[in-house]
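This report refers to the structure that appears directly beneath it.
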Amino acid sequence: MPRFAVKGGLGFDPHLVAFWRPVQLFVMELSKAYEPKEAEEKHYQVWETSGFFKPEANGNASAEKYSIVIPPPNVTGSLHMGHALQHTIMDVLVRRKRMMGYRTLFLPGVDHAGISTQLMVTRQLKQEENKTPKDIGREAFLEKVWEWKNKFGGTITSQMRREGISVDWSRERFTMEDALSNAVKHVFVKLYREGWIYRGARIVNWCPNDRTVLSDLEVVDQTRKDGKLYYLRYPITDSKQTVVVATTRPETMLGDTAVAVNPNDERYASLIGKTVDLPLTGRKITIIADEYVDSEFGTGAVKITPAHDPNDYEIGKRHNLEQLNVMNEDATMNAAAGADFEGLDRYEARKLVLAKFEQLGLLEKIDEYEMTLPVCERCKTVIESLISEQWWVNMSEMRDLALGLKQETGFPHFTPANPHTKVYTNWLENLRDWTISRQLWWGHRIPAYYDQEGRVFVAETPEEAVAEAGTDNLRQDDDVLDTWFSSWLWSFSTMGWADAGFAKSDDINAFHPTDVLVTARDIIFLWVSRMVMSSLKFLGERPFDDVYVTGTVLAADGQRMSKTKGNGVDPLEVFDQYGVDATRMTLAGSSTGMDFAWRDEKVESYRNFANKIWNASRFCLMNSEGASIDPSLLEKSVDAADRWIVSRLNETALAVNKALDGYAFHEAVQILYHFFWDDFCDWYIELTKDEITSGNAEARSRILTVLDQSLRMLHPFMPYLTEELWQKLPGKSAKLHNAAYADADPTIMFADFPIGDQSKVDEAAMSEMAVVIELISKVRNIRAEMRIKNSEPLTVHVAGEAATLKAIGANEARILKLTRAGKIVAEEELSVPKASARTVMTTGAEIAIPLEGLIDFALEIERLEAQIAKLAKEGELLSKQLSNDNFVAKAPADKVAAVRERSAEIEVQLKALSENLDMLK
RNA sequence: GGGCAUAUAUGUCAAUUGGUAGACAGCCUCCCUUACAAGGAGGAAGUUGGAGGUUCGAGUCCUUCUAUGCCCACCA
């Protein structure tokens, strides 16, 4: 419907009347609800272009540093909830420290993601030009990749900007840029010269789809329920006897070079040393004995294929067996498999092998067998084990460095400490050599050069290699390095290590080691541990002090988010629907280190919270004429409510800082949520509303100042909303900044972060307000339970000790307003008619409200009895404790005293309540 | 096979060194009160997975069982 359409035909629409009324003029006009998009679009650009994210924004030469490098997302990636969680956590940490005056470096970057990127560009090439990488050649293909990178590589970084993270984009790095590539070459050469990198043929994980070797960490298990165990019968040479072997992969029998049994297996003792006629091949292979064989499994006899199985490979080495490779790189059978099989895919070959065994009457049986298969982490193709010449890193020195650091200094400290500390150390202790070569084109090409005789020369540049070889007739190794071989240098390669001649650059001196690494569980081995090693090895210092390991964001159904299940939640959609700040609060508020399920209800409630902050600020701004932020007002409050909110402010600041220092993000969020909503909105605004709306300039300034302090504490979590509001506060200026940013344009990003001060917690005000709050709550409770309308004025009678009555007297006007009572009568002893509702306060003070004609006696009796029952139950428990001599003797004195005190309170309350109850009966 | 987590209100999750269980959402009652109905006021709801034990006292520590999840190794 058009905006100004008039409903109906004649007359005027009552909704339109408002337009014609004189518009009320506010000091500041804010819409009724928070619209996140406006703020999100506006502020990030200003922050970034103003240089606020750069460490250089800090003008204090002696400022302490705080630094975090972001785990580089894949250049092909797009933002998911895991990123959003990690980035939120890091940004919260950095923003707070920045506000506290630290010189902060928050460094972003992107990973070239060898396999993913190559696959993506290959696919695109196929689609657009129907060509393969081979068709166009290495150089042309790499050009295509760079083209792709320049065109689409910015997706992830622009999504990161949307998150509001305060990273220094001027220091953004890419693992394939020159400096980082030089670092990789340098490290490779150094390790090679020291003997830690070597080239050798060993059995490896081969992905037939990607046509490259993979490290153990890039291979994952996949359970196959439809697996089968095939029993193949092999005839013993020159004998009627046969031996049956069980296998899940019949096609590999073409490469068998032995059959193995356990030396202690009596069934086969007589066969050891004999040979079998390997069917379909015409080869004879020996029956050997090896402890590896489990007599209990299958038939107790195992076919041995050293070239296609890691265990068989080991056995083969022990027994000097031939390694017969029967497969090609794409998992088709090769010539060695025999003419019938050459060129067949491994699964086709399997069918044919089985058919032929069947024909020969040598297929004993087929069992159903559930099994797990190794598959490629990325493309899920079943991995083939085969023997291949690859580059490896011997990790022993680096393992010792990392373990030594952990043992001697405790670094890095993991949060949560359990189970990550142990997992980390155990993994290091059992570390194996790392396969670093990959049969790809996209990546850091291995700086190894071969001459005509096949001799290898490893050097950082071709020129050096030529010089060393004494000939320029050299060919560079075709392979590239594992992507992680550049990632593991990330903590310092991003800080100018290569440009400083592989020494400490200014940035490294200023910001390394970084303070904390925030990451998900799955790359502790792949990345975290390797960063520790490389940093110790090449820089001589740890890369980070702490490691905060986030939980996994699960889908609403408690399952992992996955594309195939379609249960994923796209953070960008959540940003659109609920706002970035609400999403950040949700993520931070869920971050306990445990996995957690995504719930729309959560983000909805933080969306509501954002709106609450908006409206509370709106109220303050609507009543801000003649007022401005004035921190000195918090120092000299007279009124109890004011001293109370200042106390709560300080308590909150102390608790928030403590929580964040301990990476207890959920706790910090809870504390802020309740401080702002409960203390500030529900109590402080309501208590002071009269003063504020009536134009009391000091009250107005004070509430603005409290709001300012609150927004500052919320800012690390909700950057957009808080900046939007803070910019509107009268009196906002660079004077409110931490001293390190005195010269910057006013922004809440630089406002001094409240750290809290226990000495500013005013106990007298706290207990005075506790009385006021309790009294108001009790009266409201009576109204609600006795169904007395708010419009019905009441008289509240209170009888109790002097302190309580004094507190009530001092805050009479506010109590009257918030309880909508007409009068408060303080007296030594209650003098009220029988027709009254009664209750009692913690201090034992009695409250009664005469309800002539309004009271429902039955209801009131029920109400009192319920209160009595509840208190009596608690009292019973406490007196039981107190009558236990052991408790009194052994429990800490303050605990006993607390129980005594509470017990006494309950006794007083119970007495008062039952007297009141008697009066009604 | 080895290791490690988790099990708390209807749901999702909290609970510092053992001190007697909280939040949010949902639910029930009332209220569109001039910051906010994305709101206000009040309320109901839990023998903390089962069983044993240590302790004056256990959600928290120990043993054991059950269920779920994760990691590592292996899987002929």
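All figures in this text were calculated on a predicted structure; none of them were measured in a lab. Naming convention: chains lettered A, B, ... in sequence-line order (proteins, then strands); numbering from 1 in each chain.
The residue A/Tyr292 sits close only to the backbone: its heavy atoms come under 4.0 Å of sugar-phosphate atoms, none of a base. Using a 4.0 Å heavy-atom distance criterion, A/Thr305 is classed as making no nucleic acid contact. Residue contacts for A/Val899: at a heavy-atom cut-off of 4.0 Å it reaches no nucleic acid atom on any strand shown. Within 4.0 Å of A/Tyr369, counting heavy atoms only, lie sugar-phosphate atoms of the nucleic acid but no base atom. Residue contacts shown for A/Glu604 are absent, as no nucleic acid heavy atom lies under 4.0 Å away. Residue A/Asp885 is out of contact with every strand shown, counting any heavy-atom pair closer than 4.0 Å. Residue contacts shown for A/Leu229 are limited to sugar-phosphate atoms, with no base heavy atom under 4.0 Å away. At a threshold of 4.0 angstrom between heavy atoms, the contacts of A/Glu667 with the nucleic acid are absent. Using a 4.0 Å heavy-atom criterion, one finds that A/Ala891 contacts the bases of the nucleic acid, with or without backbone contacts as well. In this structure, A/Cys681 reaches the bases: a heavy-atom distance under 4.0 Å links it to at least one base atom across the strands shown. No contact: A/Arg783 has no heavy atom under 4.0 Å from any strand. Among the atoms of the strands shown, base atoms are found under 4.0 Å from some heavy atom of A/Arg607.
Each of B/C71, B/A25, B/A38 was ranked by its minimum atom distance to the side chain of A/Glu601; first place goes to B/A25. Comparing B/C74, B/C36, B/U33 against the side chain of A/Asn611 picks out B/C36 as the nearest. Closest contact between the side chain of A/Lys658 and the listed nucleotides B/C36, B/U16, B/C13 involves B/U16. The nucleotide whose nearest atom lies closest to any side-chain atom of A/Met594 is, among B/C74, B/A14, B/G19, B/A14. Looking at the side chain of A/Ser777, the nearest of the listed nucleotides B/G42, B/C36, B/C24 is B/G42. The side chain of A/Asn608 lies closest to B/A38 when the candidates are B/G43, B/G19, B/A38. For A/His666, the listed nucleotide lying nearest its side chain is B/A14; candidates were B/A14, B/A38, B/G42. Closest approach to the A/Arg432 side chain among B/A35, B/A23, B/A73 is made by B/A73 (side chain taken as heavy atoms from C-beta onward). Considering only side-chain atoms of A/Phe525, the nucleotide from B/C74, B/C72, B/G19 that sits closest is B/C72. Comparing B/C13, B/A35, B/G19 by their nearest atom to the side chain of A/Ile685 picks out B/A35.
Partner A/Tyr34 forms a ring-ring contact (aromatic ring centres under 6.0 Å, His included) with one of A/Tyr720, A/Trp614, A/Tyr606 and no other, that one being A/Trp614.
Summary of the strand contacts: A/Asn884 and A/Thr693 both lie near RNA chain B, and taking for each the nucleotide with the nearest heavy atom, the more 5' one is attributed to A/Thr693. If you find the closest nucleotide of RNA chain B to A/Gly300 and to A/Arg820, the one lying nearer the 5' end belongs to A/Arg820.
OP1 or OP2 of B/A37 sits under 4.0 Å from a side-chain N or O of A/Lys32. Within the structure, a side-chain polar atom (N or O) of A/Trp677 is placed less than 4.0 Å from OP1 or OP2 of B/G40. Side-chain nitrogen and oxygen atoms of A/Lys880 include none within less than 4.0 Å of the OP1 or OP2 phosphate oxygen of B/U20. Close to B/A25, at under 4.0 Å from its OP1 or OP2, lies no side-chain N or O of A/Ser605. Between B/A5 and A/His420, no contact under 4.0 Å exists linking OP1 or OP2 to a side-chain N or O. At least one side-chain nitrogen or oxygen of A/Lys422 sits closer than 4.0 Å to the OP1 or OP2 atom of B/C4.
In this structure B/C30 sits in a base pair with B/G40, meeting the Watson-Crick or G-U test at under 3.5 Å. In this structure, B/A51 and B/U63 make a Watson-Crick or G-U wobble pair, each of the two defining distances being under 3.5 angstrom. The nucleotide B/U20 finds no pairing partner, because no Watson-Crick or G-U wobble arrangement with both distances shorter than 3.5 Å includes it. Under the Watson-Crick or G-U wobble criterion, with both distances below 3.5 Å, B/A9 is left unpaired in every strand shown.
Comment: A/Arg902 engages A/Glu874 in a salt bridge, judged by a side-chain N to carboxylate O separation of less than 4.0 angstrom.
Across all their heavy atoms, A/Glu691 and A/Leu687 have their closest contact at OE1-O, 3.9 Å. A/Asn567 and A/Ser562 make their closest contact through OD1-N, 2.9 Å (heavy atoms, listed as atom of the first residue, atom of the second, distance). When all heavy atoms are compared, the tightest approach of A/Gly298 to A/Tyr231 is CA-OH, 4.1 Å.
The interatomic distance linking A/Leu554 (CG) with B/G69 (C1') rounds to 9 Å, in whole Å. Taking atom CD on A/Glu874 and atom P on B/U20, their separation rounds to 10 Å, with Å as the unit. A straight line from CZ of A/Arg787 to C1' of B/C31 spans 14 Å, rounded to a whole angstrom. The interatomic distance linking A/Lys870 (NZ) with B/A45 (P) rounds to 8 Å, in whole Å. Remark: P of B/G42 and CG of A/Leu775 are 13 Å apart, rounded to the nearest angstrom. Per the geometry, CG belonging to A/Asn426 stands 9 Å off P belonging to B/C4, to the nearest Å. Atom CE of A/Met786 is separated from atom C1' of B/U29 by 14 Å (rounded to the nearest Å). For A/Phe596 and B/A25, the CZ to P distance is 18 Å, given to the nearest whole Å.
B/G57 sits 44 Å from B/G40 when the P atoms are compared, rounded to a whole Å. Comparing the same atom, P, in B/G22 and in B/U48 gives a spacing of 14 Å after rounding to whole Å. Annotation: B/A67 and B/C31 have their C1' atoms spaced 46 Å apart (nearest Å). Comparing the P positions of B/G43 and B/G49 gives a spacing of 28 Å, expressed to the nearest Å. Spacing between B/G3 and B/U63 at atom P, rounded to whole Å, works out to 13 Å. Comparing the C1' positions of B/U60 and B/G53 gives a spacing of 15 Å, expressed to the nearest Å. Between the P atoms of B/G26 and B/U12, the separation comes to 16 Å (whole Å).
The ring of A/Tyr673 has its center closer than 6.0 angstrom to the ring center of A/Phe609.
A donor-acceptor contact under 3.5 Å is formed by the side chain of A/Lys612 with the base of B/C36. One cannot find a donor-acceptor pair under 3.5 Å joining the base of B/A41 and the side-chain atoms of A/Glu785. Side-chain atoms of A/Asp595 stay outside donor-acceptor range of the base of B/C13, with no qualifying N/O pair under 3.5 Å.
Using a 30° and 60° split on the angle between ring planes, A/Tyr369 and A/Phe297 fall in the perpendicular class, above 60°.
Within 6.0 Å of CD on A/Glu38 lie no more than 12 heavy atoms contributed by other residues, nucleotides or ligands.
Cation-pi geometry between A/Lys602 and A/Tyr578 is not satisfied (NZ or CZ under 6.0 Å from the ring centre, within 45° of the ring normal).
Under the 3.5 Å distance criterion, with hydrogens and angles disregarded, a donor-acceptor pair is assigned to the side chains of A/Ser215 and A/Glu218.
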